[in-house]
Amino acid sequence: MGEVSKNGTKISIIGAGNVGATIAYTFAVAGTCSEIVLIDINKDKATGEAMDIRQGVSFCYPVKIYSGDYADAAGSEIVVVTLGKARKPGQTRLDLAQSNVDLIKEIMPGVAEAAPNAVYVVVSNPVDIITYAILQCTDLSPRQVIGSGTVLDSSRLRSLLADHVHLSSKSVHAYVFGEHGDTAMIPWSLTNIAGMEMDEYCTDFCARHNACGKTEIASILTDVRTAGAEVIKRKGATFYAIALSVNKICDVILRDAHSILTVSVLTNGRYGIDDVCLSLPYVVGGRGIERAITPPLLPGEIEQLHASANALKAVLKDINF
């Protein structure tokens, strides 16, 4: 089962819970890859999820999907890491840190040994801490280990801004930097709408200028930060939107698309930040991280980014790696 895929691209998914299974389903429906391995300590659950998807693949693109052991990650172009406990209502992502790091320490060295050349896309929460933990317990390169980070947060931000100005989200470019969590920040100076700086668009083209009082814009950051918690409060878990964002990341890798994504990567030296994983813009391609993009930020924005980095470092300091 663990041999190199001979007819296309192979993705292994570590963890077959709601998130892992939904990612596998999304890959199958989107035709992202030709082979999917679902791996979970609960082998019956992984087998059942693979069977359920496999029974419907005649309606989708051809894909080989099966369950396996950690050694079956061998030959994968991408390994998606979803293992660990999910957030419960009222929990922050950082509350999960030590227990999920312990799982990473137990499982990921063996997976990395089986698939040393794969690109690892980390989804487990708290994603910035788990991405760092994988680098600590394996010999994988930082360019190989990519946290899903604020890719989803940035999508949420664009959707909220698009709704605010009554445009398609394709006409809005905006990013969320820092922690995938409560200290995430929006570099508003980099935001543009219809090819214009946001302030220019709001002043010269928005019919609601001086009517909204910027209160809605100010609330967007709060909405972005709490979007996941709001879903968890209502349905107990989040998995559809994160599956779509992971599919996007994996598609960019497999197509060697050289797209700019705000993913969580080990940061050393950018904006004066060192030795922490958080989300900043990177060019992502077939080898994982191709290069960093470091746009100029305003002093206040750099201060917010440092606050986010320091919040993550405070957690790292108390984690037993």
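All heavy atoms count here, side chains included; hydrogens, waters and symmetry mates do not.
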Worksheet entry | Heavy-atom side-chain contact between Y66 and E35 under 4.5 Å | yes

Discussion item. For N125, is there any backbone N or O sitting under 3.5 Å from a side-chain donor or acceptor partner on N100?
Written reply: yes

Fill in: Side chain proximity check, C250 to F27, heavy atoms < 4.5 angstrom
yes

Worksheet, complete the sentence: In S148, S155, S154, the residue satisfying side-chain hydrogen bond (donor to acceptor under 3.5 Å, both in side chains) with T262 is S154

Worksheet item: If only atom types and distance count, is the side chain of N247 paired as donor or acceptor with the main-chain N or O of A243 below 3.5 Å?
Response: no

Worksheet item: Are the side chain of D69 and the backbone of A71 linked by a donor-acceptor contact shorter than 3.5 Å?
Response: no

Worksheet item: Is the Lys NZ or Arg CZ of R270 less than 6.0 Å from the centre of F177's six-membered ring, within 45° of the axis?
Response: no

Fill in: Close side-chain approach of Y240 and V231, heavy atoms under 4.5 Å
no

Discussion item. Using the salt bridge (charged side-chain N to carboxylate O under 4.0 Å, His left out) criterion, which residues pair with K105? Sequence neighbours excluded.
Written reply: D102

Worksheet entry | salt bridge (Lys or Arg N to Asp or Glu O under 4.0 Å) contacts in which one or both residues fall within residues 246-264, not counting sequence neighbours | D251-R255

Discussion item. Tell me whether V284 shares a hydrophobic cluster with L190, the cluster being built from Ile, Leu, Val, Met, Phe, Trp, Tyr side chains joined at under 4.5 Å.
Written reply: yes

Worksheet item: Are the side chain of E301 and the backbone of S189 linked by a donor-acceptor contact shorter than 3.5 Å?
Response: yes

Worksheet entry | L135 with I319, same ILVMFWY side-chain cluster at under 4.5 Å | yes

Worksheet item: Any side-chain heavy atom of I193 within less than 4.5 Å of one from M198?
Response: yes

Worksheet item: Do V57 and I13 belong to the same hydrophobic cluster, where Ile, Leu, Val, Met, Phe, Trp and Tyr are linked whenever their side-chain heavy atoms lie under 4.5 Å apart, directly or via other members?
Response: yes

Worksheet item: Do the side chain of S308 and the main chain of L305 share a donor and acceptor less than 3.5 angstrom apart?
Response: no

Worksheet entry | Passing candidate, side-chain hydrogen bond (donor to acceptor under 3.5 Å, both in side chains) with S264, options T150, T131, D128 | D128

Fill in: Heavy-atom check, side chain of L152 versus side chain of V246, under 4.5 Å
no

Worksheet, complete the sentence: Here the ring pair (Phe, Tyr, Trp, His ring centres under 6.0 Å) pairs for residues 121-147, sequence neighbours left out, are Y132-F321

